[in-house]
Amino acid sequence: MYDVQKVREQFPILHQEVNGHPLVYLDNSATSQKPVHVIEALESYYKGYNSNVHRGVHTLGSRATDGYEGARDTVQSFINAKHREEIIFTRGTTTALNMIASSFGRANLSEGDEIVLTPMEHHSNIIPWQQTAKATGAVLKYIPLQPDGTISLSDVEATITERTRIVSMMHVSNVLGTINPVKEVGEIAHANGAIMVVDGAQSAPHKKVDVQELNCDFFAFSAHKMCGPTGIGALYGKKELLEEMEPFEFGGEMIDEVGLYESTWKELPYKFEGGTPIIAGAIGLAAAIDYLEELGLHNVEAHEKMLVRYAMERLREHEDVDVYGPPADERAGILTFNIKGVHPHDVATVLDSQGVAVRAGHHCARPLMNWLECTATARASFYLYNTESDVDAFVDALVTAKEYFGDVYAE
Ligand code: 7TS
């Protein structure tokens with residue numbers, strides 16, 4: 001295990017007061033904070049070797065290229081991809097999922113083919129598939145949710161058929177914290193001739209991911225949720241699938257030959273990285289991965305499990321707080337809740353007045369909100385630098401919110 005106080009020293013942003021209280025940052029599922037190691041990696045790139053990549057013979061250009069391509073190696077080993085060219089840098093999870101839906105989906109789906117999703121997906125794993133379904137005549141099917149917000153493999157078996165071409169599912173729910181059995185779902189998908197796409201936005205930052213072990217066909221994640229910068233993420237795809245896909249964006253950097261009427265593309269991974277790539281972002285992502293690996297993802301996962309267990313235990317005393325999703329031992333460090341009769345935006349506003357940052361809203365998961373039969377929820381999400389005293393501050397602030405709204409409603 002690591003020393004969480006030492007870890008906190010590495011995150012300058014955490015050491016401030018917000019509204020007269022020490023900041024308690026519990027909005028990590030939206031984005032995480034950045035350690036000095038990552039901030040310094042970005043600074044040293046911009047101060048010392050900022051240059052475009054893959055082109056010049058000059059020294060700064062070579063250093064930038066080494067940084068950028070080295071980052072690809074770092075991501076490859078982080079998720080244990082078999083080949084480095086299976087790692088495509090993208091703007092983030094959203095872009096990666098759009099690339100799959102567009103480049104793979106449109107080329108491989110026809111009338112009546114099925115795309116299987118779950119109702120707990122983030123909008124970025126629903127809308128691209130809706131668009132692809134409209135363009136190809138494919139149909140969307142949803143694996144139903146159990147009352148605790150999990151899925152059962154027998155429902156997966158019943159939903160996936162021989163007409164299913166694509167199964168796309170989040171690894172960990174950004175709302176309920178549900179951990180989906182994506183390996184087992186992938187086995188069922190493959191047995192029916194479908195591919196398995198995993199949205200790893202909420203898993204890669206928090207647990208060890210091995211794409212060969214999961215045997216998924218595509219895996220997407222974002223750097224900003226794992227101590228890295230915004231504007232970069234990665235798409236992993238099995239080489240044989242990426243090779244048969246058309247590029248998603250066309251222009252500089254991704255071409256081989258260009259004529260007036262016809263052009264050809266570079267080999268993987270470059271055919272998917274049109275334009276000047278996200279150089280600083282990739283360098284920042286690699287620094288974030290180094291940082292996470294030094295702490296150990298198993299330790300990060302265990303730390304967050306401890307926090308969510310403690311938070312759920314403390315909330316058990318409060319019968320007027322509804323917590324959604326599976327039991328503490330079966331979920332990631334995400335806790336979505338409502339105080340009965342109080343709008344979650346009001347809850348989040350009172351929490352903010354106590355220095356506690358949580359998210360309120362639909363969390364880009366409107367179909368899941370419909371399933372929960374509420375329009376919005378509040379959400380506390382933990383990361384490697386949160387502490388038990390953050391949980392205490394959160395619960396104390398909730399009590400303040402309850403008292404405040406109890407008084408308001410009593411008037
Ligand atoms: N998939 C999941 C499961 C997510 O949680 C998110 C972002 C995305 C995809 C999209 O990632 P992006 O980096 O491309 O934006 N989730 C959230 C959230 O829960 N609150 O703010 C963003």
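Everything numeric in this text was worked out from a predicted model, so none of it was measured. Both ligands and their constituent atoms are indexed starting at 1 by order of listing. Just the heavy atoms: all of them, side chains too, but no hydrogens, waters or symmetry mates, feed the values below.
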### Message
Contact between ligand 1 and Asn125 is defined here as a heavy atom of the residue under 4.0 Å from a ligand atom; is it met?
### Response
no
Note: Glu121, heavy atoms under 4.0 Å from ligand 1, region reported as neither
Parallel, tilted or perpendicular: ring planes of Tyr385 versus Tyr25, cut at 30 and 60 degrees = tilted
Worksheet item: Closer than 4.0 angstrom: is that true for some heavy atom of His171 and an atom of ligand 1?
Response: no
Atoms of ligand 1 under 4.0 Å from any heavy atom of Lys225, numbered from 1 in the order shown, are 6 (C), 7 (C), 11 (O), 16 (N), 17 (C), 22 (C)
The answer for which part of Arg91 has a heavy atom under 4.0 Å from ligand 1 is neither
| said: Is the ring pair His303/Tyr2 parallel, tilted or perpendicular, if the boundaries are 30 and 60 degrees? | reply: tilted
The protein heavy atom nearest to atom 9 (C) of ligand 1 is Ser124 OG, 3.2 Å
Distance col, row Leu335:CG vs Leu315:CG, nearest 0.5 angstrom, shows 6.0 Å
If you scan protein heavy atoms around atom 21 (O) of ligand 1, the nearest is Arg359 NH1, 3.0 Å
Are Glu69 and Arg84 within salt-bridge range, i.e. N to O under 4.0 Å? yes
protein heavy-atom neighbour closest to atom 4 (C) of ligand 1 works out as His122 CD2, 3.4 Å
Note: ligand 1 atoms sitting under 4.0 Å from heavy atoms of Gln202 are 3 (C), 4 (C), 5 (O), 16 (N), 19 (O)
Check: Would you call Glu243 and Lys271 a salt bridge, taking side-chain N to carboxylate O under 4.0 Å as the test?
Finding: no
Within 4.0 Å of some non-hydrogen atom of Met170, the atoms of ligand 1 are 3 (C)
For Ser222, the ligand 1 atoms with a heavy-atom partner under 4.0 Å come out as 11 (O), 12 (P), 13 (O), 14 (O)
Quick look: Ala201 vs ligand 1, heavy-atom contacts under 4.0 Å, and the answer is side chain
Asp390/Arg8 salt bridge by N-O under 4.0 Å criterion: yes
Thinking salt bridges, do Lys141 and Glu114 make one under a 4.0 Å N-O criterion?
yes
Check your understanding: Taking the six-membered ring of Tyr310, is NZ or CZ of Lys305 closer than 6.0 Å to its centre and within 45° of its axis?
Key -> no
* Asked: Would you say Lys82's side chain and Gln76's backbone share a donor-acceptor pair under 3.5 angstrom?
  -> no
With heavy atoms and a 4.0 Å threshold, my read on which part of Thr94 contacts ligand 1 is both
Lys238 and Glu86 ion-paired at < 4.0 Å: no
**Item:** N or O pair under 3.5 Å between His363 and ligand 1
**Value:** no
For atom 1 (N) of ligand 1, the closest protein heavy atom turns out to be Asp199 OD2, 2.6 Å
Quiz item: Can a non-hydrogen atom of Ser29 be found less than 4.0 Å from any atom of ligand 1?
Solution: yes
For Asp27, is there an ion pair with Arg359 - N to carboxylate O distance below 4.0 angstrom?
no
In this structure, atom 19 (O) of ligand 1 is nearest to the protein heavy atom Arg379 NH1, 2.7 Å
